[in-house]
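The structure appears right after this line, and notes come after that.
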There are 2 protein chains.
Amino acid sequence: MISASLEDYLEFIHNTILEKKEIKAIDISKAFSISRPSVSEALIRLADMDLIIYEGRKGIKITKKGIEQAKKTVKKHQILSDFFVEILMIDKQTAEKNACKIEHVIDDEIIEKMKKYKESKLKNNEQS
Amino acid sequence: MISASLEDYLEFIHNTILEKKEIKAIDISKAFSISRPSVSEALIRLADMDLIIYEGRKGIKITKKGIEQAKKTVKKHQILSDFFVEILMIDKQTAEKNACKIEHVIDDEIIEKMKKYKESKLKNNEQS
DNA sequence: ATAAAAAGTAAGGAGTGCCTAACAATGATA
DNA sequence: TATCATTGTTAGGCACTCCTTACTTTTTAT
């Protein structure tokens with residue numbers, strides 16, 4: 001199983017590649033305020049798990065497996081954050097912060113129920 | 001800040017003392033399937049944080065600070081589990097399992113909103 | 001009372017995830 | 001082109017949380 005930290009880094013790698021087509025180790029270092037050696041280490045671990053292809057200075061590529069893993073996390077994050085904001089009326093910032101932590105530990109089953117709950121709730125509001 | 005593991009152990013210590021008036025290191029070892037040396041270590045760390053008083057074979061006592069900390073965790077656990085079961089219709093076992101993990105990372109603010117949401121929902125159901 | 005079982009401790013090891021300091025490679029610029 | 005800044009790696013260290021093995025202490029049962 002992937003750790004919360006590595007999952008965060010993978011999520012960031014995925015999002016950044018989608019946005020800017022490429023990512024460097026230093027970007028991760030800055031984004032998470034961790035040292036460059038710690039990033040190197042994390043990237044090696046992600047590569048060991050076949051979630052990325054890491055060729056040092058030649059760049060970071062995300063694998064199919066990595067994309068799937070990252071997408072799952074992003075989805076969980078999105079649903080959690082939306083649920084907190086729209087159903088529980090939590091402010092955006094707190095919702096995001098908590099989604100970031102909970103996304104690593106919550107089961108898919110609960111995420112699915114949250115999604116359905118939110119959808120049915122919004123439908124009811126349209127009708128009324 | 002206390003770690004998830006230590007928080008789990010403290011919660012268990014508190015609950016067990018409430019139930020049976022006393023607890024021994026071996027009980028924690030069995031409950032969490034960790035070795036006796038790991039329990040010793042954890043108890044020393046909890047004692048260092050003034051959450052318990054640990055006098056080796058003489059027993060484990062929980063401090064005022066420890067009780068407060070444990071109660072907070074228990075409360076979070078309860079609200080999370082209830083919310084999952086009653087609002088999201090999650091089965092009891094899954095709800096418990098997830099509450100155990102989320103209770104360590106979620107903010108009080110969201111817990112409070114979950115509690116209020118559940119209460120107002122139940123009130124509405126009574127009226128109808 | 002003594003031997004066996006149970007509970008706890010000490011010592012040493014491993015993986016994770018972070019750090020700093022120092023070095024190497026790459027790239028930009030004067 | 002030579003120098004300086006940026007980026008990345010190596011080496012060594014630390015804290016946490018778990019482990020095993022071996023030892024000690026306490027309790028229990030014969």
Side-chain angles (χ1 to χ4, degrees), chain A residues 1-14 16-17 20-62 66 69-70 73 97 100-105, chain B residues 1-13 16-17 19-62 66 69-70 73 97 100-105:
Chain A
M1 195 57 265
I2 192 174
S3 71
S5 304
L6 293 188
E7 205 164 71
D8 279 334
Y9 305 153
L10 185 67
E11 194 181 349
F12 181 73
I13 290 166
H14 181 246
T16 306
I17 288 175
K20 309 192 198 159
K21 302 279 185 214
E22 66 162 34
I23 182 164
K24 281 186 296 181
I26 190 81
D27 301 329
I28 299 168
S29 171
K30 282 175 187 161
F32 293 92
S33 298
I34 62 170
S35 69
R36 281 171 289 133
S38 297
V39 175
S40 281
E41 222 181 332
L43 292 178
I44 289 166
R45 283 206 304 277
L46 284 173
D48 282 346
M49 295 176 190
D50 294 315
L51 295 170
I52 63 167
I53 295 160
Y54 185 46
E55 295 159 311
R57 295 187 163 76
K58 282 173 206 155
I60 299 164
K61 275 166 209 145
I62 192 162
Q69 170 82 52
T73 311
K97 189 182 115 202
C100 272
K101 293 182 288 179
I102 298 171
E103 68 192 13
H104 303 300
V105 299
Chain B
M1 194 61 266
I2 191 173
S3 71
S5 304
L6 292 188
E7 205 165 70
D8 279 335
Y9 305 154
L10 185 66
E11 194 181 349
F12 180 74
I13 290 166
T16 306
I17 288 176
E19 261 181 53
K20 308 191 198 161
K21 302 280 184 210
E22 65 162 36
I23 182 164
K24 281 185 295 180
I26 190 80
D27 301 328
I28 299 167
S29 171
K30 282 174 188 163
F32 293 92
S33 297
I34 61 170
S35 70
R36 280 170 290 131
S38 297
V39 175
S40 281
E41 225 181 330
L43 292 177
I44 289 166
R45 282 206 304 276
L46 285 173
D48 282 346
M49 295 176 192
D50 294 316
L51 296 169
I52 63 168
I53 295 161
Y54 184 47
E55 296 160 310
R57 294 185 165 77
K58 282 175 205 154
I60 300 164
K61 276 166 209 144
I62 192 162
Q69 169 83 50
T73 312
K97 189 182 114 202
C100 272
K101 293 181 289 179
I102 299 171
E103 68 191 14
H104 304 299
V105 298

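Letters A, B, ... mirror the listed sequences (proteins, then strands); counts begin at 1.
Sorted pairs that involve residues 22-34 of chain B and meet side chain to side chain donor-acceptor pair (under 3.5 Å), not counting sequence neighbours, are lacking altogether.
The shortest distance between the side-chain N/O atoms of B/Ser38 and the OP1/OP2 oxygens of D/dC19 is below 4.0 Å. Between A/Arg45 and the phosphate of C/dG17, there is a side-chain N or O to OP1/OP2 separation shorter than 4.0 Å. Here A/Ser35 reaches the OP1 or OP2 of C/dC19: one of its side-chain N or O atoms lies under 4.0 Å away.
Between the side chain of A/Glu41 and the base of C/dC18 there is at least one donor-acceptor pair of N/O atoms closer than 3.5 Å.
The local environment of NZ in B/Lys61 is sparse, with at most 12 non-hydrogen atoms from other residues, nucleotides or ligands closer than 6.0 Å.
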Nucleotide by nucleotide, nucleotides 5-10 of chain C touches protein heavy atoms under 4.0 Å in the pattern (B base, S sugar-phosphate only, - none) --BBBB

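Taking every heavy atom of residues 1-9 of chain A and every atom of DNA chain D, no pair lies under 4.0 Å.
As rounded to whole Å, 15 Å separates atom C1' of C/dT16 from atom NE2 of A/His104. One atom, CG of A/Asp48, and another, C1' of C/dG15, lie 13 Å apart when rounded to the nearest Å. In this structure, CZ of A/Phe32 is placed 13 Å from P of C/dG17, rounded to the nearest angstrom.
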Could you check A/Ile13 against A/Leu43 for side-chain contact (heavy atoms from CB on, under 4.5 Å), going step by step and ending with a plain yes or no? CA-CA 10 Å; A/Ile13 290 166; A/Leu43 292 178; 3.9 Å; yes

Could you walk me through whether A/Ile52 and A/Tyr9 pass the side-chain contact (heavy atoms from CB on, under 4.5 Å) check? CA-CA 11 Å; A/Ile52 63 167; A/Tyr9 305 153; over 6 Å; no

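Put simply, the side chain of A/His104 does not reach to within 4.5 Å of the side chain of B/Lys101, judged on heavy atoms. Taking 4.5 Å as the limit, some side-chain heavy atom of A/Glu103 sits within range of a side-chain heavy atom of A/Glu11. Using a 4.5 Å heavy-atom threshold, the side chains of A/Val39 and A/Phe32 count as separate.
How far CD1 of A/Ile62 is from OH of A/Tyr54: 15.0 Å, rounded to the nearest 0.5 Å.
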